[in-house]
Amino acid sequence: MKWSQTLIPTLKESPSEAEIDSHKLMIRAGLIRRITAGAYAYLPLGTLVLNKVIDIVREEMNRAGAVEVFLPALQPLDLLEESGRLSVFGDDLITFEDRHGKTTALGPTHEEIVTDIVRNEINSYRQLPITLYQIQTKFRDETRPRFGVLRSKEFIMKDAYSFDVDYEGLNKSYKSMYEAYCRIFDRCGIDYIVVEADSGAMGGDVSHEFMVPSSVGEDILIRCLKCGYSANRERAEAAPVPRENHVSLQSLREVPTPNKHTIQEVGGFLDVKPNRMVKTMIYISNGQPIAVLLRGDHEVNETKLTKVLGQETVTLADHNTIEHVTGARVGFAGPVGLKIKIIADQAVSTLCNFVTGANKADTHLLNVNPDRDFKIDQVADIRYAVKGDKCPKCNHDLDISQGIEIGHVFKLGTKYSDALKAKFLDANGKEKSMIMGCYGIGVNRIIASLIERSHDENGIIWPLSLTPYKVIIIPVNVNDANSMQMANHIYDDLTNIAGIEVLLDDRDQRPGVKFKDADLIGIPIKIVIGKKFAETKELEIKLRKSGETFLTPPEEMRSRIESLFEMLSKP
RNA sequence: CGGGGCGUAGCGCAGUUUGGCUAGCGCGCCUGCCUUGGGAGCAGGAGGUCGGAGGUUCAAAUCCUCUCGCCCCGACCA
């Protein structure tokens, strides 16, 4: 492609709409333009990259035995209702009413559609297993789109769904997808880590998230850098906090704490650290209020709490309920004297002589101790791991960092096949629910997170696998006939004979402009036709990433480029 | 949805507090000259519903009311 014939609108200045590097660079390099909040147009360069990613995803899905389908963006609400997810998606669902008054949704994901197809078309174990996938735009009315294509209202997702006759089959399908994901991200040249994730209300026992470490990531990763344990924030466990030794129990004492209701206020007022305090939160579980005890510096993990309680959902009690249950204003609840079930986090169960609310306005209790002063009905891990926690596997310090989720593999089990009655007859003629898995990849996110990790002050640095063009030819002076003739010759040779994607910067611009632009759009290999060519007929090859330069006579250019490809495609 | 900020040329911004003459600057764009190894220089030029509607005033980018859009923080994110 010749630069003058395509559209690569680069910008010298950073657009005011962008905050993070990848977003700024995608706009500055002319990959995307914002059309409205959370929706982006991909310009020619962006489209080339998008298609590179899609090609890799498609190849690896096919290699893993998945079969491609193409599903509608329009979805009837009744399928979502049937699976029970209409309320789950809630306001995230983008819907509209057609001319007949029927409400239709723009698909936020496609479990229901695929399951509907499969339940209609597959009835026998002989037709299983099968994994269907598609690459398509999804629509979600995000409360706050941000970071460019990292969180947008419409985004491209590869989603695959596996259907098996039993859990053994599911495990195989899952493993196969997991491995395909590794190959995809490896080929994209992206650094990623896999973390255990909670399968939550989705059912099933395992789920893994593929994360790109990044300080702009919205997900939190908890890892042990020693033994390799890694999980997301919802899932991560911490080694149990050991019991304090040789502590003599002090006598319980009531202290006035006028108008101090937060951990911070009370701690400051009484000069007690948050980790010597216990907060008492009233939750509603199964219609009944329960008390949840956590150390002052810890936060409740509702995912864990829900699971421990064996409920679908738990919710924080409202102020009226709290006052009714504790007999005091919000902010003064404590376990002593409570008549409801008390569930304590493990870190609370090993604590002595702590501070709690007194269930009495403007009053707290000092030197509270379990067993002596109140009874814990259940001890469990119901909090988020925090800095300072130890690895549950090897007791080494846990590392807490951020990441961008680019893929997620899920063992669904029978959640959707049960709800949507996707059943089959097994070899014994017995009707069974299909065992499902689902597997998603955020295609746009691969691009943004790659740029987030692979750029410098001059611009993007593409890996060979995703770059829109592998080579850019820069004739320093397009008005010099010899240079241009050589430029065209190399261009034809590489493009037509070697099948390499080449961009020829044929613009009548000063060299500085062209070099800056080439760096900004991140093309891995530059071929410069300039001073050296005039002097010795040699061409200069410069690598974007390392800055290395080589001089090559024109006749050796093709073999030289090919050997560079080999070098560059190694990690 | 709560809090904050912004909307002036394709992009980045000044001007708004304290209303006043033809609405400015940098980049980009067009023409010419000059230049050709890291975003040159000179000269000339095009480009504006000052987000929109209504109001106050002799006079509104500037003040008032309403409205639309965008960004940031938070909440939210199977």
Side-chain angles (χ1 to χ4, degrees), chain A residues 7 9-20 23-24 27-28 30 33-39 80 83-93 107-112 138 140-148 150-153 155 157 159 197-204 207 209 216-220 232-234 302-303 306 312-313 316 404-405 408 410 412 415-416 419 438 440 442 445 457-459 474-480 483-484 505 507-521 526-535 539-540 542 544 547 549:
Chain A
L7 177 65
T10 58
L11 298 175
K12 208 186 283 190
E13 290 173 285
S14 269
S16 60
E17 75 189 64
E19 283 275 306
I20 63 171
H23 189 194
K24 286 179 188 168
I27 294 168
R28 285 192 53 211
R33 286 292 184 265
R34 186 177 57 75
I35 299 303
T36 184
L80 287 163
S83 73
R85 284 214 297 181
L86 192 55
S87 57
V88 172
F89 278 110
D91 288 339
D92 278 356
L93 203 62
T109 173
H110 283 77
E111 277 83 1
E112 287 82 359
K138 313 281 176 180
R140 295 182 194 178
D141 191 1
E142 291 287 346
T143 46
R144 182 143 91 89
R146 67 184 130 172
F147 299 151
L150 277 182
R151 180 165 296 282
S152 48
K153 287 192 179 181
F155 53 96
M157 189 164 147
D159 48 326
D198 198 87
S199 41
M202 301 291 285
S207 123
E209 287 175 342
V216 303
E218 297 179 85
D219 291 282
I220 291 174
N232 72 3
R233 187 164 183 250
E234 269 58 46
E302 290 188 4
T303 307
T306 305
E312 280 279 307
T313 54
L316 266 175
I404 300 164
E405 181 185 354
H408 200 159
F410 244 112
L412 287 177
K415 180 179 165 76
Y416 294 95
C438 76
R445 281 187 172 184
E457 65 280 5
N458 292 314
I474 303 178
V476 167
N477 183 358
V478 298
N479 298 313
D480 177 62
S483 294
M484 277 314 285
D505 191 351
R507 295 174 301 167
D508 185 6
Q509 290 284 358
R510 295 177 56 80
V513 174
K514 296 197 192 191
F515 291 138
K516 287 287 185 190
D517 271 348
D519 286 348
L520 178 59
I521 68 174
K526 284 193 273 284
I527 298 175
V528 182
I529 303 168
K531 221 159 40 192
K532 272 284 170 207
F533 177 68
E535 290 163 7
L539 305 176
E540 184 181 311
K542 185 164 188 179
R544 172 67 179 89
T549 60

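Taking 4.5 Å as the limit, every side-chain heavy atom of Arg146(A) sits out of range of all side-chain heavy atoms of His23(A). Looking only at side-chain heavy atoms (C-beta outward), Lys531(A) and Val476(A) stay at 4.5 Å or farther from each other. Residues Leu7(A) and Pro9(A) form a side-chain contact, since some pair of their non-hydrogen atoms from C-beta on lies under 4.5 Å apart. For the pair Ile27(A) and Arg34(A), the minimum side-chain heavy-atom distance is 4.5 Å or more. Counting only heavy atoms from C-beta outward, the side chains of Pro475(A) and Lys514(A) approach each other to under 4.5 Å.
C63(B) and G55(B) make up a base pair, with Watson-Crick or G-U wobble contacts both under 3.5 Å. Nucleotide G26(B) forms a Watson-Crick or G-U wobble pair with C11(B), both donor-acceptor distances falling under 3.5 Å. Of the nucleotides present, C1(B) is the one that pairs with G74(B) by Watson-Crick or G-U wobble criteria, both distances under 3.5 Å. The partner of A40(B) is absent, by the rule that a Watson-Crick or G-U pair needs both atom distances under 3.5 Å. Searching all strands for a Watson-Crick or G-U wobble partner of A46(B) with both distances below 3.5 Å returns nothing.
Rounded to a whole angstrom, the distance from the P atom of G55(B) to that of U18(B) is 25 Å. To the nearest whole angstrom, the two C1' atoms, one in G45(B) and one in C50(B), are 23 Å apart. Here the separation of G51(B) from A14(B), taken at their P atoms, is 13 Å to the nearest Å. Between A78(B) and G38(B), the two C1' atoms lie 50 Å apart (nearest whole Å). For the P atoms, the distance from G47(B) to C42(B) is 23 Å, rounded to whole Å. Comparing A43(B) with C25(B), their P atoms sit 14 Å apart, to the nearest whole Å. U62(B) and U56(B) have their P atoms separated by 15 Å, with the value rounded to a whole Å. For the P atom pair drawn from U16(B) and C6(B), the interatomic distance equals 13 Å after rounding to whole Å.
Set against G12(B), A78(B), G37(B), the side chain of Pro15(A) has G12(B) as its closest nucleotide. The Val513(A) side chain lies nearest to G39(B) when the options are A78(B), U36(B), G39(B). Here the side chain of Thr143(A) is nearest to one of A75(B), A78(B), G39(B), namely A75(B).
Here Arg28(A) lies in heavy-atom contact (under 4.0 Å) with a base. If you check every strand for non-hydrogen atoms under 4.0 Å, Asp91(A) touches nothing. Using a 4.0 Å heavy-atom criterion, one finds that Val528(A) contacts the bases of the nucleic acid, with or without backbone contacts as well. Contact annotation for Asp519(A): base contact, defined as any heavy-atom pair under 4.0 Å involving a base atom. Across all strands shown, Lys542(A) has heavy atoms under 4.0 Å from base atoms, whether or not it also approaches the sugar-phosphate. When heavy atoms are screened at a 4.0 angstrom cut-off, Lys514(A) is found touching no nucleic acid atom at all.
When the P atom of U36(B) is taken as reference, atom CE of Met484(A) falls 18 Å away, rounded to whole Å. Across the protein-nucleic acid pair, Ile27(A) atom CD1 and C11(B) atom C1' stand 11 Å apart, rounded to whole Å. The distance between atom CG of Leu316(A) and atom C1' of C76(B), rounded to the nearest whole Å, is 15 Å. At whole-Å resolution of the value, CZ in Arg85(A) and P in C77(B) are 14 Å apart. Taking atom CZ on Arg151(A) and atom P on A75(B), their separation rounds to 13 Å, with Å as the unit. Between Met157(A) atom CE and A78(B) atom P the separation is 11 Å, expressed in whole Å. Rounding to whole angstrom units, CD of residue Glu540(A) and P of G38(B) are separated by 12 Å. As a whole-Å value, the separation of Lys153(A) NZ from C76(B) C1' is 14 Å.
Taking Arg140(A) as the reference, nothing meets the salt bridge (Lys or Arg N to Asp or Glu O under 4.0 Å) condition, with sequence neighbours excluded. By the side chain to side chain contact (heavy atoms under 4.5 Å, CB included) test, Ser14(A) pairs with Lys24(A), Arg28(A), sequence neighbours left out.
The base of G38(B) lies outside donor-acceptor range of the side chain of Asn458(A), with no N or O pair under 3.5 Å.
Of all non-hydrogen atoms in Gly38(A) and Pro145(A), the two that sit nearest each other are CA-CB, 3.7 Å. Closest non-hydrogen pair, Asp505(A) versus Val478(A), comes out as O-CG1, 4.4 Å. Here the shortest heavy-atom pairing between Asn232(A) and Ala197(A) reads ND2-CB, 3.4 Å. Of all heavy-atom pairs between Ile404(A) and Arg445(A), the closest is CG2-CD, 4.3 Å.
For the 3.5 Å distance criterion, the side chains of Ser83(A) and Glu112(A) qualify, holding a donor opposite an acceptor. Between the side chains of Glu111(A) and Thr109(A), at least one donor-acceptor pair of N or O atoms lies under 3.5 Å. A donor atom on one side chain and an acceptor atom on the other are found under 3.5 Å apart for Thr10(A) and Asp517(A).
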Kindly give the atom pairs (protein nitrogen or oxygen, nucleotide nitrogen or oxygen) under 3.5 Å for nucleotides 68-72 of chain B.
| unit_1 | atom_1 | unit_2 | atom_2 | d |
| --- | --- | --- | --- | --- |
| C70(B) | OP1 | Thr36(A) | OG1 | 2.8 |
| C70(B) | OP1 | Ala37(A) | N | 3.0 |

So which protein N/O to nucleotides 33-35 of chain B N/O distances come out below 3.5 Å?
| unit_1 | atom_1 | unit_2 | atom_2 | d |
| --- | --- | --- | --- | --- |
| U35(B) | O2 | Arg510(A) | NH1 | 2.9 |

Could I get a table of every N or O pair under 3.5 Å where one atom is in the protein and the other is in nucleotides 42-48 of chain B?
none

Nucleotide by nucleotide, nucleotides 23-30 of chain B touches protein heavy atoms under 4.0 Å in the pattern (B base, S sugar-phosphate only, - none) ---BSSS-
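Ranked by how close their nearest RNA chain B nucleotide is to the 5' end, Glu405(A) and Phe533(A) are led by Phe533(A). Place Leu11(A) and Asp92(A) on RNA chain B by their nearest nucleotides, and Leu11(A) ends up nearer the 5' end.
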message = Before you tell me yes or no, could you show the steps for Glu540(A) and Lys532(A) under salt bridge (Lys or Arg N to Asp or Glu O under 4.0 Å), namely the whole-Å CA-CA distance, both residues' side-chain angles and the distance that decides it to 0.1 Å?
response = CA-CA 7 Å; Glu540(A) 184 181 311; Lys532(A) 272 284 170 207; over 6 Å; no
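Comment: Arg233(A) does not engage Asp219(A) in a salt bridge, judged by the lack of any side-chain N to carboxylate O separation of less than 4.0 angstrom.
Here the CE-NZ distance, from Met157(A) to Lys138(A), works out to 5.5 Å after rounding to the nearest 0.5 Å.
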